[in-house]
Amino acid sequence: MAIAAIAVYDWPESWPDLLPFLLKLIGDQTSMNGVHGGLRCLALLSGDLDDTMIPTLVPVLFPCLYTIVSSSQTYNKYLRTKALSVVYACTSMLGAMSGVYQVETNVLMEPMLKPWLDQFSFILEHPVQPEDTDDWSIRMEVLKCLNQFVQNFPSFNESLFMVIVGPLWQTFVSSLSVYTRSSIEGTEDPYEGSYDSDGAEKSLDSFVIQLFEFLLTIVGSTKFVQVVANNIADLVYYTIAFLQVTEQQVHTWSMDANQFVADEDDVTYSCRVSGALLLEEVATCCGGDGIDAIINAASKRFSESQQEKAAGSVVWWRMKEATLFALASLSEQLLEAEVSGLTKVSIGNLLEQMITEDMGIGVHEYPFLYARMFISVAKFSSVMSGGILEHFLLAAMKTIGMDVPPAVKVGACRALSQLLPEAKKNTIEPQMMGLLSSLTDLLHRASDETLHLVLETLQAAIKAGHESSASAEPIISPIILNMWVFHISDPFICIDAIEVLEAIKNTPGCFLPLASRILPYIGPVLNKPQQQPNGLVAGSLDLLTMLLKNAPTDVVKAAYDVCFDAIIRIVLESDDHSEMQNATECLASFVSGGRQELLFWGSDSGFTMRSLLDAASRLLDPDLESSGSLFVGSYILQLILHLPSQMGQHIQNLIVALVRRMQSASIEGLRSSLLLIFARLIHLSAPNVEQFINLLMTIPAEGYQNAFVYVMSEWTKQQGEIQGAYQIKVTTSALALLLSTRHPELTNINVQGHLIKSISGITTRSKAKSAPDQWTIVPLPAKILALLADALIEIQEQVRDAEDEDSDWEEIHGDMDSDKDLLSSAAATPFGRSGYEHLEAMAKAYNENQEDEDEDNILSVTDPLNELNLANYLTDFLSKFSQSDRQLFENLCQCLTRAEQDAIKIALN
């Protein structure tokens, strides 16, 4: 350790003799202590080797290491394993270098591959030994080295790979029997959590995980997957057996439901997770053959488990549970394959057969199989018969309230979360009050991971419950509020609790009762923020924002009376960024919900407006840390949309503040949100956009000629990074409005164009400093036209994804090589689909693609620009712009890329 620590600083420059000394040590067979010490030192050092040392080190070091690995009579497995760990470290670094120095690394490694592979074959060809950690460890290092060979060295070809296929298969198959006895049955020691003296794990689990990782690399390689293609059925068949619940897992999960939930969510790394990942890779890379292999293997394993059951085995359930786990892990791929017609066997029929066979088993005897059946039904609900779904839905609803093992309740919760949204009202209504009561009761006993699951299930139940949820509101709401307060320092639980309260709020008849519980509680919290526990103020603001979303005016007014002044004070006085961010969102919701009426709720309408402006002023303070101002853009947007006459008086001061805040902002998202304000102001100034440009030209901006030059240079850089359908619609259409003015100042401004490709190779920090990215400089009008064309390209790509077929855009590509005159080539291009249909498809695909990002952004829905059909708008704009000044249009198009020109040609059709 001491030598390795010094070497990090002094080797090789100040200590050139170290490596020759270590090589001499490990080569001296008369002193095993020297070999042992030298190898351990090299193993520690190998983590710090860089690309300057490796090329000179490998030719000298590898022959010494090869001698040790190949001399099994002289050196024990521990020393040979240490030698292999150094080989792995060196090949990992060579692999990283191969991105730039592929030829050099290949030349270096090519002569060594065959001898090393022969040694690897020798180690892997013997059956895996039970309770022999040194045997597992040496195989694990071999697999790690092989992984590097396959991934990084092109000279490692199919013929070389064939050398290790047989021995690898021997290791895979023989390890299953050892794993079954040691881990699954628990009759031998799996050395779980066992480490050697250097801290390297040497358990059976870690070896099997490494084995799966290498197999996953092979299956994912287009070069090598063909070699194992003939054995894919056997690979899948054996892999499913590795997925069985181990004796240790049975013990842990029976004692701790949290661990069961955590393991189900892939939080922990295990053989089950690794094996499932390998099966996913088979399904992805082997197409229909892979899917068929999985379904056939599952069917075979299911039959075996039924035979074991008939023979009186007490562990028959494990193989069936593993089979269901494997299928559920692949549910997306399997369902997609069934829809596409890739499968020969119906996955729905197979699942129904597997599940109906054991619907009557004892829940206490086989809790993990029962839980897996619940989860499997939920995952494959789209291909299961109505009778099966109804049976398991009602069984899950009853199970929540029964005295059953925790794992079964976890499975029932997962099933309910998936099945309740689609359930028929008349099926679930008789059980609904009982379910809500049982889930609420379960909350008191849940913790950590299980609490998240119960809250998620409760949310689904409330949404499905209709009248029952309204009846249960007086019981559920206080419990959830208390839980929210108790877990205020846990953001995940808080989010879940607020989502449950939002589901209650959206239940007919529950809005006012819920508001009457929340407001009296959070009023005192917000009015005395300094006296509250950490996180409670920010959390209360979050809760209030949820309540104000889509709230009727009387609820907004009630919240105003209780909290408004306190929230203004928090914005003006707090230094806590979470509090400031949440308070800003709250104020935006007040303005959106109260609008003009908001100004007359207080005793002095002028005072309310001044308070709103004071808050904006603090949030736009250029000296405030960017994080505190993060949501100011959304707030100001609401002010200019809903209080336009009042804000109109302050427009010049607002622009000055926006520019100063933008220039001092260190967070890109904040700058983007402020650009949205400028875009919205451009729309509000129409049809007098020239006057708005003139106003910007009178306002200074540090380091720039004026605010207009600064805003446009920033905007043209950021436009491609702006997220959300509403934001993209507003900013893109505002750029078109600017271009349509033909204001003389536009042509005087040059902005960043396209990135100039730098020299090839990896960009290091020093290279980035000495040769930073270089960009072309283009006139502003050309850049705006390029950004409009980029927007069209993006929309069209979404159409292509939505239709998944050759589009009109692709048909035209081949015909555009020689056209210089954009307008005449556009007029001459034929289209299969009418322009109107094409635009409708573009708009539909675009809106669907952006929906997920924007579904919570209720504040933007009130803006008429949210209804803008961007594809239509841009097409209309380009048509008018090209006709009004053809020469200018043609000149600007000369600055565009080929793809941008093509996009515009299509739009002009």
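Source: prediction; values computed, not measured.
Taking both residues in full, the closest heavy atoms of Ser85 and Ala43 are given as OG-CB, 3.9 Å, listed atom of the first, atom of the second, then distance. Scanning both residues, Leu204 and Ser183, for their nearest heavy atoms gives CD2-OG, 4.0 Å. Summarising the geometry of Ile138 relative to Lys77, their closest heavy-atom pair is CD1-O, 4.2 Å, with the distance given to 0.1 Å. In this structure, Thr67 and Tyr75 approach most closely via the heavy-atom pair O-CE1, 4.3 Å. Counting all heavy atoms, side chain and backbone alike, Leu22 lies closest to Gly38 at CD2-CA, 4.1 Å. When all heavy atoms of Leu279 and Ile294 are compared, the closest pair comes out as O-CD1, 3.8 Å.
Side chains of Val245 and Arg272 form a contact here, defined as non-hydrogen atoms less than 4.5 Å apart. With a 4.5 Å cut-off on side-chain heavy atoms, Leu327 and Phe380 count as touching. In this structure, Val165 and Met162 have side chains that are in contact, with non-hydrogen atoms separated by less than 4.5 Å. A heavy-atom distance below 4.5 Å is not found between the side chains of Phe260 and Pro406. By the 4.5 Å heavy-atom criterion applied to side chains, Phe207 and Ser137 are not counted as neighbours. Contact of the Leu369 side chain with the Lys320 side chain is registered, since non-hydrogen atoms from C-beta on lie closer than 4.5 Å. Here the side chains of Leu61 and Cys90 are in contact, with some heavy-atom distance below 4.5 Å. Contact annotation: the side chain of Val282 never approaches that of Leu330 to less than 4.5 Å [non-hydrogen atoms, C-beta and beyond].
Side chains of Glu185 and Tyr179: no donor on one and acceptor on the other come within 3.5 Å. Ser203 and Ser206 share a donor-acceptor pair across their side chains, judged by distance under 3.5 Å alone. Side-chain contact of Trp316 with Tyr366: a donor-acceptor pair under 3.5 Å is present, judged by distance alone. Residues Thr252 and Gln248 bring a donor and an acceptor atom of their side chains to less than 3.5 Å of each other. Inspection of the Ser72 and Arg80 side chains reveals no N or O donor paired with an N or O acceptor under 3.5 Å. A donor-acceptor contact closer than 3.5 angstrom links the side chains of Trp253 and Asp263. For the residue pair Ser305/Glu308, the side-chain donor-acceptor check at 3.5 Å is not satisfied.
Between Lys24 and Asp28 no salt bridge is recorded (no basic side-chain N to carboxylate O distance below 4.0 Å). Ion pairing between a basic and an acidic side chain is recognised when a charged N comes within 4.0 Å of a carboxylate O; Arg372 and Glu264 show such pairing. Using a 4.0 Å cut-off between charged nitrogen and carboxylate oxygen, Glu141 and Lys144 count as a salt-bridge pair.
Between the CE atom in Met319 and the CZ atom in Phe302 there is a gap of 13.5 Å [rounded to 0.5 Å]. Atom CD1 of residue Ile184 and atom CD of residue Gln249 lie 9.0 Å apart, to the nearest 0.5 angstrom. The distance from the CG atom of Leu124 to the CG atom of Leu143 is 6.0 Å, given to the nearest 0.5 Å. The distance from the CD atom of Gln129 to the OG atom of Ser175 is 12.0 Å, given to the nearest 0.5 Å. Between atom CG of residue Leu243 and atom OG of residue Ser329 there is a gap of 7.0 Å, rounded to the nearest 0.5 Å. In this structure, OG in Ser71 is found 11.5 Å from CG in Leu79, a value given to the nearest 0.5 Å.
The aromatic ring centres of Phe172 and Phe242 sit less than 6.0 Å apart.
For the pair Lys300 and Tyr237, the cation-pi test (distance below 6.0 Å, angle within 45°) is passed. Note that Arg414 lies outside the cation-pi zone of Phe374, set by a 6.0 Å cut-off to the ring centre and a 45° limit from the axis.
The 12-atom threshold is not exceeded at CE of Met255, counting heavy atoms of other residues, nucleotides or ligands nearer than 6.0 Å. More than 12 heavy atoms of other residues, nucleotides or ligands shown are found within 6.0 angstrom of CG on Leu160. Taking a 6.0 Å sphere around NE2 of His126, one finds it holds more than 12 heavy atoms contributed by other residues, nucleotides or ligands.
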Checklist line | Val208 and Ser274: CA distance, side-chain angles, deciding distance, side chain to side chain contact (heavy atoms under 4.5 Å, CB included) verdict | finding: CA-CA 9 Å; Val208 174; Ser274 303; over 6 Å; no

Note to self: One pair to check against side chain to side chain contact (heavy atoms under 4.5 Å, CB included): Asp234 and Trp169. What are the steps and the verdict?
What the structure shows: CA-CA 10 Å; Asp234 288 338; Trp169 189 252; 3.6 Å; yes

Checklist line | Candidate pair Leu235 and Ile232, rule side chain to side chain contact (heavy atoms under 4.5 Å, CB included), full reasoning | finding: CA-CA 5 Å; Leu235 178 68; Ile232 215 77; 4.1 Å; yes

Next item on the list: For side-chain hydrogen bond (donor to acceptor under 3.5 Å, both in side chains), just list the numbers for Gln306 and Ser303, CA-CA rounded to whole Å, side-chain angles, deciding distance to a tenth of an Å, and then say yes or no.
Entry: CA-CA 5 Å; Gln306 295 307 111; Ser303 299; over 6 Å; no

Item checked: Derivation of the side chain to side chain contact (heavy atoms under 4.5 Å, CB included) call for Leu39 and Leu65 -> CA-CA 9 Å; Leu39 276 174; Leu65 297 174; 3.8 Å; yes

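The aromatic rings of Phe224 and Phe161 lie tilted to each other, with the angle between the two planes from 30° to 60°.
A side-chain donor-acceptor contact under 3.5 Å links Gln244 to the backbone of Ala241. A donor-acceptor contact shorter than 3.5 Å is absent between the side chain of Asp134 and the backbone of Tyr78. Side-chain N or O atoms of Thr180 include one that pairs as donor or acceptor with a backbone N or O of Leu176 at under 3.5 Å. Looking only at distances, no side-chain donor or acceptor of Ser313 sits under 3.5 Å from a matching main-chain atom of Lys309. Formation of a donor-acceptor pair under 3.5 Å by the Ser46 side chain with backbone atoms of Ala89 is not found in this model.
Applying the salt bridge (charged side-chain N to carboxylate O under 4.0 Å, His left out) rule to pairs touching residues 157-183 yields Arg181-Glu188, sequence neighbours excluded.
Only one option out of Cys41, Ser31, Cys64 pairs with Ile26 in a side-chain contact (heavy atoms from CB on, under 4.5 Å); it is Cys64.
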